[in-house]
Amino acid sequence: MNIRDHFRIGVWENVKLGRNATLVALILIIGAIVAGPYFIASRWQHILIMWCLWSIAGISWLVILKVGEFSLCSAAFLCIGAYSSSVMTLKLGCPFWPALIAGGLISGIFALALGVVVFRLKGLYFLVITYLFAEMLRLGISLTGYLGGGTGLYGMPEPGNIGFITFSTKQGWFYLSFLLLLITAFTFRRVEASRIGRVYSYIGMAPDLAESLGVRIMKYKVQAFVLGGIFTGLAGVVMAHYFTGISPESFTLYPSLVTQLVAILGGVPYLVAGPVVGAIIYSAVDEYVAAISGLRPLIVGVLLVVIIFFMPQGIISRLRQLFGKGREAKS
Amino acid sequence: MGSVAFHWVTLSLSYVLLAMGMTLSLSISRIVNLAHGSFYILGGFLFIMFLKTVGMPFGWSLLASLVVLGIVGALLEAKIYRPLGGVLAPSIICMAGVLLTIEGIVVLIFGSDLWDVPSYFTGTINLDGTVLSIERIVMAIVALLLIAGLYYFLSHVRLGKAFKATAQDREAATLMGINVGLVSSLSMGIGAALAGLAAIQITAVYYLSPFVSYAALMTAFLVISLGGMGSILGVVVGAFIIGFVDSFGALWVATYYHLIGFALIIIIFMVRPQGIFGVPIKD
Amino acid sequence: MALLKSTGLCKYFGGVHAVDEVDFEVEKGEKVGLIGPNGAGKTTLFNVITGFLRADSGIVEYKGNNIVGLRADQVAQMGIARTFQIPVQFRGQTVFENLLAGHIKEERKNFWHALFNTRDYREEQERARQKALEVLEFVGLADWKDRLVDVLPDGLRRFLSLGRVLMMSPELLLLDEPLAGLSEEEISALLSKLDELQGQGTTIFMIEHRMKAVMRFCPRIMVLNYGRKIAEGSPTEVKDDPVVINAYLGTREG
């Protein structure tokens, strides 16, 4: 099993749809979104909301992987986003929408600071530091008692109604998380298809070669990290306000591992499509096993191992192989 | 004061055991073994199971737990980690999967409540007014013996020296006829067993819960980051420093003491990324 | 003023003098060869010049500016392109895409332009594609345009590497063993391409082991041994130099 080939960091694949197909798909999707809350059961609305949020987190993690860096700090950025906006709305009386933006920006700033400091170190050290950063953040809040301490922050006020959209039911959150996902998807699809994504791939695949071609590695790594940080932070904000409660317990290693799961489940070569596919599977499964206490980590853990062993290229690649498309089929 | 010092020593000894496994798998298998945290809780829970549920005497429970853990660690290395060929991303993800799987299994079987290990040795010694429990003394001695044993093994026993050789240069070791695969599996098995012992040793003091695996993982990381990756002496030094922070630090600066650890790590990574006694890991 | 010049250049690895007090000059438009036994320090010298390694002492001047201490990408931005001894490719990509990679340096439209797919950005990308097609023709890989580089035969990979650095519109080409593993035919083809480039004003500095070829191609040759420049001159001068012969035969002096 040539795992390296199957688990290519830096290689991207474009799932290209024809023009008409894209248009039709778009209309269907938007129609489904608008009609959604009126036809979809509450439980499934929840699943779809989580789907959007995990997709965003997964995409963000994946873009950092593309640049060749394996990070374990998704939980940290979720945490930063969540706490920033919670503090702003709860303690500073800030309305939701500016707090949302602020949550994303503050995450981005942390990512910038961390990235600049940490990308000088090599792979293994980077991994350890991102993990320690996430854990220390969590423990810092938990032990010092600041920002709600171990109990957490609760009762975040919901955003006010916008026309017919209300946030007191899942409806508003449904629309918001979809909107966020669309923005994330657009951004990262553009990244993937443009020179930006190509440069990320070059850095991930053959950094010396890239450097010899004039690519300033540090700049792009930090850039990718900040991008990922911002969007993960935004997802964290939505998570916090949707659940109207957060605590340090929400941000252990587990969410970081879930973001990895959704990314590899869908397929590492697919920056946007991968996590989107992976996240829907995870969210659906998770909702049904959440009741039984040990089952969640068990399933996620087993899935992680199983995917690496039996389908390291992810679902999308596997499906494409089965249907004869894709690069391997071409040559 | 004396009891805090005693706490420092026993805590640090358990940290040595815990981190030793991680440094072994780092230098020999070249993996940041995220599953290591789960070895810790697995050891604790196995011990409780053997002791309470199966009803085995103390010594046998201890032995059984360590043996089972050793087998689990070795199998994990051979069947799960090694086939991945050392490629970084899949290996880490896979071991993370193992971490969650073991944690999930433990929760399913034992529930997610806190578990309290029954004291086997009752009684205390009174030393100048500080009260030291016999149990902790016994466990500390066991830990010390094992650490010393490990040191002796690595320096004077042929297989142990093979460990060192493999850690230094895997290819050269193969050329010298060392069965690198066996060494890798054994080292992870030993590491797992030591981590389990760390849990058993300290359960007399701390409650055990499945979620402690994350805390154990982080402690192990802190210790080897500080003391040095790939160095036994580094593990001991790092463990005692972190142990100091967690005992005296917790005493003096109750709320912030974890941040001291973090600050130390930042400084170390800036100044000397491989840790105090560390050997830079060749990728 | 020489295009590329080094004075007293040194690089040590522990006690080993990989590059030891090397002085050289390369004039604009020249074709210069760099030879020497294995381990003489030739690739190390290239790595130091291009910023992959930092010199321990001495200076390297490019168009009069000291480039010691610059990062590899900064050196590349200045117009110096290099290839690697073992050709590296962006695997999983087509030949055409690999060529496009070389154009990155030339692309000025920044992040936001790329993100929003502005007209300027699209035009820039179109220019890149046009250039890639030209270079594809030039290096003779037109048939392989949309094939994955993974299936490209070894010899042709060297052509691809050359093509990729040409996308950078370099002034100075540092080629590390560009002829290794090539057939006689391929060597002639590659060398004639290099001649064309030189005719267009590109300066070529190349490390080579294929003696006949490098002697034929380069009017001036430098010889390195144990990190020191031991000889320099025309091919005939160098070929008959006893010091050079000794170096290759392994006879130690003194």
Side-chain angles (χ1 to χ4, degrees), chain A residues 2 4-14 63 66 68 120 183-184 186-224 226-227 230 268-269 313 317 326-331, chain C residues 46-47 50-52 71-84 86-94 97-98 100-107 109-118 121-122 124-125 128 144 146-152 161 164-165 167-170 174 176:
Chain A
N2 193 341
R4 184 165 260 134
D5 276 345
H6 279 140
F7 204 86
R8 287 200 204 115
I9 294 178
V11 176
W12 79 93
E13 296 272 358
N14 281 320
V63 78
K66 272 199 172 315
R120 300 178 192 284
I183 297 175
T184 311
F186 167 78
T187 307
F188 285 101
R189 271 297 293 162
R190 279 305 311 149
V191 165
E192 189 177 25
S194 74
R195 184 188 78 224
I196 306 171
R198 273 189 284 129
V199 174
Y200 289 172
S201 294
Y202 300 148
I203 297 177
M205 276 192 276
D208 282 345
L209 180 56
E211 217 180 348
S212 75
L213 299 174
V215 170
R216 186 171 167 195
I217 304 223
M218 184 76 167
K219 169 177 123 179
Y220 288 97
K221 281 190 173 180
V222 172
Q223 187 188 81
V226 169
L227 268 181
I230 292 178
V268 166
Q313 70 273 46
S317 294
R327 284 159 178 258
E328 283 89 320
K330 250 203 283 193
S331 294
Chain C
F46 268 22
N47 283 334
T50 53
F52 279 93
R71 289 188 313 263
D73 61 280
Q74 290 171 309
V75 172
Q77 292 281 350
M78 295 187 76
I80 302 178
R82 57 121 7 132
T83 61
F84 293 88
I86 304 174
V88 199
Q89 311 296 344
F90 294 120
R91 296 178 57 223
Q93 308 302 309
T94 65
E97 285 163 348
N98 263 268
L100 278 179
H103 197 253
I104 296 293
K105 156 187 171 269
E106 304 278 283
E107 290 170 27
K109 289 300 160 207
N110 65 14
F111 178 84
W112 298 103
H113 280 269
L115 191 63
F116 291 109
N117 209 12
T118 63
Y121 168 76
R122 282 199 302 269
E124 201 175 56
Q125 292 298 302
W144 295 85
D146 290 318
R147 309 292 302 278
L148 295 183
V149 291
D150 312 61
V151 304
L152 201 61
S161 296
R164 193 168 40 222
V165 295
M167 295 288 292
M168 295 166 69
S169 306
L174 294 179
D176 200 339

Check: Does the side chain to side chain contact (heavy atoms under 4.5 Å, CB included) test come out yes or no for Met205(A) and Gln93(C), once each step is laid out?
Finding: CA-CA 11 Å; Met205(A) 276 192 276; Gln93(C) 308 302 309; 4.0 Å; yes
Margin query: Within this structure, what is the OH-CD1 distance for the pair Tyr220(A) and Ile104(C), rounded to the nearest 0.5 Å?
Written below: 7.0 Å
Next item on the list: Report yes or no: does Arg216(A) contribute a side-chain atom to a donor-acceptor pair with the main-chain N or O of Gln74(C) at less than 3.5 Å?
Entry: no
Check: Using non-hydrogen atoms only, which part of Ala81(C) is less than 4.5 Å away from chain A: side chain, backbone, both, or neither?
Finding: neither
Check: In Å, rounded to the nearest 0.5 Å, how long is the span from OG of Ser194(A) to CG of Leu115(C)?
Finding: 7.0 Å
Check: Looking only at heavy atoms, which two atoms of Tyr202(A) and Glu97(C) are closest? And how far apart?
Finding: OH-O, 3.8 Å
Next item on the list: Hey, could you give me the CD/CZ distance between Gln125(C) and Arg198(A), rounded to the nearest 0.5 Å?
Entry: 5.0 Å
Item checked: Pairs of heavy atoms under 4.5 Å with chain C: top-ranked of Ile217(A), Val215(A), Thr187(A) -> Val215(A)
Margin query: For Asn47(C), which atoms come within 4.5 Å of any heavy atom of chain A: side chain, backbone, both, or neither?
Written below: neither
Item checked: Region of Val199(A) in contact with chain C, defined by heavy-atom distances below 4.5 Å -> side chain
Note to self: Within this structure, what is the OG1-CD distance for the pair Thr50(C) and Glu211(A), rounded to the nearest 0.5 Å?
What the structure shows: 9.0 Å
Checklist line | Leu213(A) side, atom CG; Phe90(C) side, atom CZ - distance, nearest 0.5 Å | finding: 5.5 Å
Next item on the list: Decide yes or no on side chain to side chain contact (heavy atoms under 4.5 Å, CB included) for Arg195(A) and Glu124(C), but give the supporting numbers first.
Entry: CA-CA 11 Å; Arg195(A) 184 188 78 224; Glu124(C) 201 175 56; 3.5 Å; yes
Check: At their closest point, which heavy atom of Arg190(A) faces which heavy atom of Ala114(C), and how far apart are they?
Finding: NH2-O, 2.8 Å
Notebook entry, point to check: For the atom pair CG (Leu209(A)) and CZ (Phe84(C)), what is the distance rounded to the nearest 0.5 Å?
Noted result: 6.0 Å
Checklist line | Smallest separation among heavy atoms of Phe52(C) and Asp208(A), with atom names | finding: CZ-O, 3.4 Å
Item checked: Shortest non-hydrogen contact between Ala76(C) and Ser212(A), atoms and distance -> CB-O, 3.3 Å
